[in-house]
Structure formats: structure tokens, C-alpha cells
Amino acid sequence: MGNSGRFITFEGIDGAGKSTQVDALAQLFRGVGRTVLVTREPGGTALAEKIRKLVLHDAMDPLTEALLVFAARRDHLVQLIEPALARGDVVLCDRFTDSSFAYQGGGRGLDLAVLSMLEQWVQGGQAPAGGPMRQPDLTLWFDLSPAQAARRLAAAREPDKFEAQNEAFFARVAQGFLRRVEAHPQRFFRLDADRERALVWADVEAAVRSRGWLE
Ligand code: TMP
């Protein structure tokens with residue numbers, strides 16, 4: 001059961017503490033002999049990392065921002081994610097399309113129908129990509145209140161364009177995630193991120209173990 005490719009994404013507002021959990025889960029999979037690709041969005045390939053710099057630091061309108069994150073995603077899928085899954089590897093991705101619905105859709109107020117169209121184009125399902133639409137097998141959603149996230153970010157490093165947004169923006173982002181969870185309940189696993197790291201980790205491990213993916 002455990003040996004086919006698995007695509008696991010990590011989502012949540014900035015400050016939710018995803019990144020350390022990504023690394024811990026990679027170690028756990030490697031410990032049972034799996035090959036793991038740890039990657040992130042926007043980014044993951046040389047081209048997508050260039051796009052990441054633009055998206056995180058340059059001012060632009062919401063549609064431009066969405067087109068860029070989906071362009072980066074397309075390169076990332078074609079160059080890295082799909083080949084890894086085809087080899088049977090585990091792919092752990094820090095953010096994916098749910099972040100576009102949360103940040104560009106919820107945060108920036110971009111039309112969700114536009115995002116759905118981009119999702120289908122970029123992840124398959126209809127022309128020009130064709131084939132079934134690629135979606136994560138599991139999405140770990142680090143649920144943190146916008147107020148708590150704001151407190152954590154205030155103590156953090158130099159903020160990027162998104163981290164510098166106010167709490168009202170993050171409240172809209174959080175709403176954006178919630179809408180996606182409601183639309184795709186079977187794919188999401190909610191983690192209460194307002195707890196110490198070890199407790200959050202116990203839930204991450206349980207979510208993966210209960211699916212039989214560590215056997
Ligand atoms: P990170 O700080 O978690 O690496 O994420 C980079 C930022 O990019 C984060 O603030 C969320 C934002 N983002 C979007 O706005 N749209 C997207 O589709 C993705 C993947 C990230």
C-alpha cells in the first residue's frame with residue numbers, strides 16, 4: 001500500500017509554523033525507506049524561484065499576481081512534481097493551489113472563477129494540459145487565528161509583501177482557506193496550529209500513519 005507516489009501539501013496563513021513540520025515529515029518518510037522531494041511554492045525550480053522573488057517583493061495587480069503564481073506552478077509541476085510522483089516518490093510541498101485561492105482569492109478579492117480556470121489549465125483536466133486534474137492526496141491545513149498569526153509575524157524576520165499585510169488581510173486569507181476546506185473536505189486534515197510544536201507534530205504523524213502511508 002505504502003509505495004506509490006504521494007503528494008502532500010502544507011497550507012495555512014503566514015506564521016502558522018508549517019516549515020519545520022515539512023522537514024520532520026520528510027525525515028519520517030526517509031526513515032521507512034521512501035525517497036522524498038521537499039519543495040515549496042511559489043518556487044521549487046530555477047524559473048519558479050525567479051518568479052517567487054517577483055511575487056513576494058514587487059507590487060502588482062491581483063490578476064498579474066495570480067498569473068505569475070500559476071506560471072510558476074506549471075513549471076514546478078512539469079519539471080519536478082509530476083516526474084517525482086511518476087517515480088513513486090513522496091512529494092512534500094510547502095503551499096500549493098489552496099494558497100492561491102486563499103491569498104489571491106480571499107486576500108486580494110480576485111474572482112474565484114478565474115482561479116478555478118487557471119487551476120484546470122495548469123493542473124490538467126481540460127485543454128491545454130489535458131488528463132485528470134492533479135490535486136494533492138492530502139493537505140495538512142495549519143489552522144491559526146489571524147490575531148495569533150499577526151503576533152508571531154511581528155516577532156519574525158524582515159517581512160515580505162504578504163507578511164507585511166494587516167490582520168484584516170489575513171482574516172480574508174483565513175476565510176479563503178476555510179472555503180477550500182469546505183469544498184474539498186476529504187483531502188484536508190485540519191491541525192490546530194496554536195499549540196506547541198510537538199503536539200502539532202503528533203497530529204501530522206497521525207494523519208499520515210492513519211492512511212497507511214508509512215508501512
Ligand atoms: P511562504 O512564506 O510560506 O514561503 O509563502 C510565500 C508567500 O506567497 C506567502 O505569503 C503566501 C504567498 N502565496 C500566494 O500569495 N499565492 C500562492 O499561490 C502561493 C503558493 C503563495
Side-chain angles (χ1 to χ4, degrees), residues 7-23 25-26 38-45 47-77 79-81 91-112 114-123 134-136 139-144 146 148-150 152-181 184 191 193 200:
F7 184 25
I8 304 176
T9 59
F10 294 68
E11 297 282 5
I13 57 179
D14 296 85
K18 296 174 278 97
S19 303
T20 54
Q21 305 283 348
V22 177
D23 293 338
L25 188 57
V38 174
T39 188
R40 67 172 180 181
E41 290 214 343
T45 64
L47 174 60
E49 290 290 334
K50 287 185 193 167
I51 296 175
R52 177 188 176 91
K53 287 201 180 75
L54 300 174
V55 171
L56 263 55
H57 301 291
D58 291 18
M60 59 188 74
D61 89 292
L63 179 56
T64 307
E65 203 171 83
L67 292 169
L68 284 175
V69 293
F70 273 100
R73 180 161 301 132
R74 178 74 188 162
D75 191 60
H76 192 203
L77 272 169
Q79 304 294 338
L80 220 53
I81 295 176
V91 177
L92 304 183
C93 192
D94 192 343
R95 298 192 183 282
F96 194 63
T97 304
D98 298 313
S99 278
S100 307
F101 279 81
Y103 284 79
Q104 282 67 52
R108 304 278 193 226
L110 188 66
D111 186 348
L112 299 184
V114 172
L115 294 171
S116 294
M117 192 179 298
L118 290 171
E119 180 184 35
Q120 286 181 10
W121 280 0
V122 166
Q123 292 161 231
R134 171 62 70 191
Q135 290 289 12
T139 298
L140 298 168
W141 174 41
F142 290 71
D143 188 13
L144 186 69
Q148 186 64 21
R152 288 194 190 178
L153 285 178
R157 56 194 147 77
E158 183 79 6
D160 63 35
K161 203 176 85 184
F162 294 101
E163 291 164 340
Q165 296 286 332
N166 62 22
E167 205 178 306
F169 177 87
F170 284 110
R172 294 197 299 277
V173 171
Q175 275 302 315
F177 278 124
L178 196 56
R179 268 199 302 267
R180 286 289 274 184
V181 175
H184 304 270
L191 301 144
V200 179

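Keep in mind it's a predicted model, so treat the numbers as computed, not measured. Numbers for residues simply follow the sequence, beginning at 1. Counting convention: from 1, in listed order, for ligands and their atoms alike.
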Indicate yes or no for a side-chain donor-acceptor contact from [X] to the backbone of [Y] under 3.5 Å, with no hydrogens or angles considered.
X: Gln165; Y: Phe162; value: no
X: Lys161; Y: Asp58; value: yes
X: Arg74; Y: Val122; value: yes
X: Arg152; Y: Gly15; value: yes

Do [X] and ligand 1 have an N or O pair less than 3.5 Å apart?
X: Glu41; result: no
X: Asp160; result: no
X: Arg73; result: yes
X: Asp94; result: no

Specify side chain, backbone, both or neither for [X], according to which of its non-hydrogen atoms lie closer than 4.0 Å to ligand 1.
X: Arg52; value: side chain
X: Glu65; value: neither
X: Leu56; value: side chain

Contacting atoms of ligand 1, where contact means under 4.0 angstrom from a heavy atom of [X]:
X: Lys18; result: 3 (O)
X: Ser100; result: 17 (C), 18 (O)
X: Phe162; result: 7 (C), 8 (O), 10 (O), 12 (C), 15 (O)

Work out whether the distance between some heavy atom of Arg40 and some atom of ligand 1 is less than 4.0 Å.
->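 Distance cut 4.0 Å: Arg40 fails for ligand 1.
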Pair Glu49 + Arg40: basic N to acidic O under 4.0 Å =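 A salt bridge links Glu49 with Arg40.
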Quick test: of every protein heavy atom, which one is nearest to [atom], and how far off is it to 0.1 Å?
atom: atom 16 (N) of ligand 1; result: Gln104 OE1, 2.8 Å
atom: atom 10 (O) of ligand 1; result: Asp14 OD2, 2.9 Å
atom: atom 19 (C) of ligand 1; result: Ser99 CB, 3.6 Å
atom: atom 3 (O) of ligand 1; result: Arg95 NE, 2.7 Å

Do [X] and [Y] have side chains that approach each other closer than 4.5 Å (heavy atoms only, starting at C-beta)?
X: Ile13; Y: Tyr103; value: yes
X: Asp160; Y: Glu163; value: yes
X: Leu112; Y: Arg179; value: yes

Who's closest to atom 13 (N) of ligand 1 heavy-atom-wise, of Pro42, Ala164, Cys93?
->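 Comparing heavy atoms across Pro42, Ala164, Cys93, the nearest one to atom 13 (N) of ligand 1 lies in Pro42.
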Within 45 degrees of the axis of the six-membered ring of Phe169 and under 6.0 Å from its centre: does Arg172 put its NZ or CZ there?
->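 Relative to the ring axis of Phe169, which defines the angle, Arg172 lies outside at least one limit.
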When Phe96 is tested against each of Phe7, Phe101, Phe10, Trp141 for ring-ring contact (aromatic ring centres under 6.0 Å, His included), which residue passes?
->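 Exactly one candidate clears the test, Phe7.
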